[in-house]
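Structure record follows, encoded as structure tokens.
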4 protein chains.
Amino acid sequence: MRSTPRPRRSNTRQQIQEVARDFFMERGYEKTSLREIADELGVTKAALYYHFRTKEDILVSLFSDVGIALDELIFWGRQQHRSLAVKRELLARSSVIFSGAAPLFNVLNANQATLSDLSVGQDFKDRVTALSELLQEPDASVAAKVRCVTALLSLLYGTFAIEHIEGDAEEKRLALLAGATELLTSAYPTDDSDPRASTLDAPSATAPKAEPTAS
Amino acid sequence: MRSTPRPRRSNTRQQIQEVARDFFMERGYEKTSLREIADELGVTKAALYYHFRTKEDILVSLFSDVGIALDELIFWGRQQHRSLAVKRELLARSSVIFSGAAPLFNVLNANQATLSDLSVGQDFKDRVTALSELLQEPDASVAAKVRCVTALLSLLYGTFAIEHIEGDAEEKRLALLAGATELLTSAYPTDDSDPRASTLDAPSATAPKAEPTAS
Amino acid sequence: MRSTPRPRRSNTRQQIQEVARDFFMERGYEKTSLREIADELGVTKAALYYHFRTKEDILVSLFSDVGIALDELIFWGRQQHRSLAVKRELLARSSVIFSGAAPLFNVLNANQATLSDLSVGQDFKDRVTALSELLQEPDASVAAKVRCVTALLSLLYGTFAIEHIEGDAEEKRLALLAGATELLTSAYPTDDSDPRASTLDAPSATAPKAEPTAS
Amino acid sequence: MRSTPRPRRSNTRQQIQEVARDFFMERGYEKTSLREIADELGVTKAALYYHFRTKEDILVSLFSDVGIALDELIFWGRQQHRSLAVKRELLARSSVIFSGAAPLFNVLNANQATLSDLSVGQDFKDRVTALSELLQEPDASVAAKVRCVTALLSLLYGTFAIEHIEGDAEEKRLALLAGATELLTSAYPTDDSDPRASTLDAPSATAPKAEPTAS
DNA sequence: CATGAATGAGGATTCATTCAT
DNA sequence: AATGAATGAATCCTCATTCAT
């Protein structure tokens, strides 16, 4: 999951990140105070400032890996010529990234308002926008565009929602992907293949570096 | 600050709600201070407290209408026997409610973390959960359940997202609904009608205020 | 108990006084807000201001009767020549006044700090001081003075405290008075009568106008 | 505001306590704002919060010593068998504690209403009640009970009052104690010793810190 | 006789951040 | 690598009071 093997400075830095991630998930970014993080670790607030320049920095540091993964995917997508197959592949790879870092995306999602004027929040929105543009044909019908956008969104938001359904995680992920792919496919005017079956064979769900541990 | 002396029998209460709604949308609930709202209206913070007991109260007051609409829909849904037609209708009516109060839902969505421990936040989550349970067959396959949940979610989140696509609002809404209905329909094992076409005639979905006759 | 038969303006005025007295007793003067009083009566805060000029005014109005009673007693005491008998009488009459308006004195006592810079608080302190000076011989020994002061105080503070002892109110009052009188008597160097018995015959417990309904 | 930069390893905590104690005495707990305390010390309100968790905490911190002393005395009292001698000793030791912390007790007394719903206020009331129960025989006459309670109260309230009488502090304390002891003694039905003389030799009452050997 | 609407001053508390040590 | 002490700005909220109607 981590692309650049980060230097193992002290482990305090890592601990801060872990506690911060947990707290941001539980109570949200805004409502997590540095004091709480410090207390949980048994250190002083000032200690946090030794490792991170600001509170936002802690947040940002959590997203570097996932940000890179998304950027790589977008870069890849722009390289390809626009075909249904490529778009399906984009969806498949997005699914892997999303579910590999579900907690993190959840933080972003649940704190949209708070994070919107922090770079990390805007960056994320931009990436999703970029992705959804890769899925749309510029001159498609409104209905088609709506379907494309919905495909991506259902993948993203579905990832959090399906955690409440009991069942095998990977099975759920694939079901979600299948639905999203149908939505995408149905945006294409004439299409020989049976939309309901097609998606399940979207194979290359393993994006270049993204190795999702099927948690 | 105030140039024209405001009228005695005032509509201040309403103005507060309007400004609050706008600010909550723009910068989020937590990051909107009562001072800002008061300043915008040219009144004192204390004036807000004349009209609302707490900051949360302002928020809650914004949602009473929508809350009632959702509750009525859920009530109606529970009255019906579970059939695909009923579920389509649920989706259709949800679509109407969602897009009728899109800004409000956006506030809830973008401030999830912040609002999670406010009753209004939890209430909303409960309602969506109730709705999504009405769409699922308890003994359906995991894949089917995932599709049902996704159908509702794509409707909900899609409502905000499609605002960035140019085109007629109603047309976009129907397209979104069509996608969601397909997702739902495809969760049904054997189904004679063509799933892709069927949904578009979901009948009363176009009636602005679907009056669920609690039969 | 009331010396000047107050005009029966509206009964709202009286109701305000009653509620205020109760609340001042329960939660204290400072911690009782005008809103609470108004709410209890089902009127607006502004209505209170029709009947009383300020919050302090409400408080002051409660004490006019008792203030007069004390002033009369002090006036009477100054008229007499200083003898043990007169002092006993002072104590006896104080006892009647104190227990006749115990709740009110309790308010003063429990809110000393708050009321010290309100005229009503200072007035009360002055009166108690005046009373205790009437009990002391200016050239008595320190020990004697201490006893005289203690006699009065035990009467005053005892009045609240003995409410928690079960038993007949008047019996308790007389016991309290007996103790106080002993204290006073023992401050007198040579004294033929038996101090333990003497006090119980302090007869004229009915001060001129103070008609204590033996509640 | 601050001319000399305060020392690093500071005694600020203590200074806060001192200023707070003084202000609480002068104007009362409620009417003392943290801003006033902070200003007096030339620090920010936030600085107070570095040293104490809440305003109440500052108050509580002032009472820890006295609270312990009272608890020890009560503990000791409960250990002994109930005899007049023990009760006299209780009174004597109470006298030492009360006059040793007169300003503090004054704060409690003058702010009763305000502090009644703070733990420290209730704790204090409970302790006085416990003490007064140790002085009473459960099956004594009402008159006797009243005398016992009065004995303790006169000691408590007398402690503040006698500060206004000129004279040696210790002499005044002993006079007060003598009066209280008489009150207590007179509650005992038949008693060979002369009540008026007996109390003055109450032995360990003069030992500054009566060490109750919890026998 | 009373209300509806509002104010201004002040309350306790919390937070991210800083910096000398 | 981390702490102790402190700041400044902001937060929500409460209160006694006012005044035109």
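Naming: A, B, ... by sequence-line order, numbering from 1 per chain.
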Quick one: [X] [atom1] to [N] [atom2], roughly how many Å, whole number?
X     : N      : atom1 : atom2 : result
C:D57 : F:dA16 : CG    : P     : 14 Å
A:K55 : E:dC15 : NZ    : C1'   : 8 Å
C:I37 : F:dT14 : CD1   : P     : 17 Å
A:E30 : F:dA10 : CD    : P     : 14 Å
C:D39 : F:dT14 : CG    : P     : 13 Å
B:E36 : F:dA9  : CD    : C1'   : 13 Å
B:L41 : E:dA6  : CG    : C1'   : 13 Å
D:Q14 : F:dA5  : CD    : C1'   : 16 Å

**Q.** Lys NZ or Arg CZ of C:R27 over C:F23 ring: under 6.0 Å, within 45°
**A.** yes
Q: Please confirm whether A:K55 makes a cation-pi placement over A:Y29, using NZ or CZ under 6.0 Å from the six-membered ring centre and within 45° of the ring normal.
A: yes
Q: For D:L34 and for A:L34, locate the closest nucleotide of DNA chain E by heavy-atom distance; then report the residue assigned to the nucleotide nearer the 5' terminus.
A: D:L34
Q: On DNA chain E, check which nucleotide each of D:E56 and B:L48 is closest to and give me the residue with the more 5' one.
A: B:L48
Q: Could you tell me if the ring centre of B:F63 sits under 6.0 Å from that of B:F124?
A: no
So, is [X] near the phosphate of [N], with a side-chain N or O under 4.0 Å from OP1 or OP2?
X     : N      : result
D:H51 : F:dG4  : no
D:S33 : E:dG11 : yes
D:T12 : F:dA6  : yes
C:R35 : F:dT14 : no

Q: Would you check if the side chain of D:E36 reaches a backbone N or O of D:S33 as a donor-acceptor pair within less than 3.5 Å?
A: yes
Q) Under the 3.5 angstrom rule, does the side chain of A:Q122 hit a backbone N or O of A:S119 as a donor-acceptor pair? A) no
Select one nucleotide: of [options], the one nearest the side-chain heavy atoms of [X].
X     : options                : value
C:Y50 : F:dA2, E:dC1, E:dA6    : E:dC1
D:T54 : E:dT13, F:dT17, E:dT3  : E:dT13
B:Y49 : F:dT18, F:dT14, E:dC15 : F:dT14

Q. Taking it one step at a time, do C:T114 and D:E30 satisfy side-chain hydrogen bond (donor to acceptor under 3.5 Å, both in side chains)?
A. CA-CA 8 Å; C:T114 300; D:E30 197 94 333; over 6 Å; no
Q.
If I compare all heavy atoms of D:K125 with all of D:S116, which pair ends up nearest, and what's the gap?
A. NZ-CB, 4.5 Å
Q) Any donor-acceptor pair under 3.5 Å joining the side chain of C:K45 to the base of F:dT17? A) yes
Q.
If I take atom OG1 from residue C:T44 and atom OH from residue C:Y50, how far apart are they, to the nearest 0.5 angstrom?
A. 14.0 Å
Q: Name the residue closer to the 5' end of DNA chain F, choosing between C:T32 and D:A47 according to the nucleotide with the nearest heavy atom.
A: D:A47
(Q) Here's a test of your reading of the structure: between C:A46 and C:Y29, which maps to the more 5' nucleotide of DNA chain F? (A) C:Y29
**Q.** Watson-Crick or G-U stems of DNA chain F, 3 or more pairs, under 3.5 Å, by first number
**A.** E:2-21 with F:2-21
